[in-house]
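Here is the structure we will look at.
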Amino acid sequence: FIMSESWKKVKADEVRAGDAVRTQAGDVVTVSRIESSFLGMPNMLAFIEDTPERWFKQPMMADAEVEVRS
């Protein structure tokens, strides 16, 4: 049988590399690394997925609520 996916809400600054994050647009990003102080702003960060299939960067506020696959 297939287990259903479970998502939990956390603040963006609690996400760690390796986490799968669902963006507000519904995209699922597997976080390879996190850029802090995005654009020189200490309250911004950016999740970066860097895989052979895709390179994707999602900037957001550090205190924004995001969903992480648990």
Notebook entry, point to check: Can you name the residues that form a salt bridge (Lys or Arg N to Asp or Glu O under 4.0 Å) with D27, not counting sequence neighbours?
Noted result: none

Notebook entry, point to check: What pair of heavy atoms forms the shortest contact from P42 to S37, and how long is it?
Noted result: CA-OG, 3.6 Å

Next item on the list: Could you tell me which residues satisfy side chain to side chain donor-acceptor pair (under 3.5 Å) with K11, sequence neighbours excluded, listed by chain and number?
Entry: none

Checklist line | Derivation of the side-chain contact (heavy atoms from CB on, under 4.5 Å) call for V66 and T23 | finding: CA-CA 7 Å; V66 297; T23 67; over 6 Å; no

Note to self: Does V28 form a side-chain contact (heavy atoms from CB on, under 4.5 Å) with R69? I'd like the steps, not just the answer.
What the structure shows: CA-CA 9 Å; V28 176; R69 187 181 295 143; 3.6 Å; yes

Check: When rounded to the nearest 0.5 angstrom, what distance separates OG in S32 from CG in D19?
Finding: 11.5 Å

Note to self: Quick one, L45 with D13, criterion side-chain contact (heavy atoms from CB on, under 4.5 Å). Give me CA distance, side-chain angles, the key distance, then yes/no.
What the structure shows: CA-CA 8 Å; L45 54 79; D13 62 4; 4.2 Å; yes

Checklist line | Remaining members of hydrophobic cluster (4.5 Å side-chain criterion), M41 | finding: F38, L39, M44, M61

Next item on the list: Calculate, to the nearest 0.5 Å, the distance between atoms NZ and CD belonging to K9 and E67 respectively.
Entry: 5.5 Å

Item checked: Summary of salt bridge (Lys or Arg N to Asp or Glu O under 4.0 Å) pairs that have at least one residue in residues 29-46, sequence neighbours excluded -> R33-D50, E35-K57

Item checked: Pair F56-I48, side-chain contact (heavy atoms from CB on, under 4.5 Å): steps then yes or no -> CA-CA 6 Å; F56 183 85; I48 299 168; over 6 Å; no

Item checked: Distance-minimising heavy-atom pair for V31 and I34 -> CG1-CG1, 3.6 Å

Notebook entry, point to check: Mind checking what makes side chain to side chain donor-acceptor pair (under 3.5 Å) contact with E49, not counting sequence neighbours?
Noted result: R54

Next item on the list: Quick one: list whatever passes side chain to side chain donor-acceptor pair (under 3.5 Å) with E14, sequence neighbours left out.
Entry: none

Next item on the list: Please report the closest heavy-atom contact between M60 and F47, naming both atoms and the distance.
Entry: SD-CE1, 3.4 Å

Notebook entry, point to check: At their closest point, which heavy atom of T30 faces which heavy atom of G18, and how far apart are they?
Noted result: CG2-O, 4.4 Å

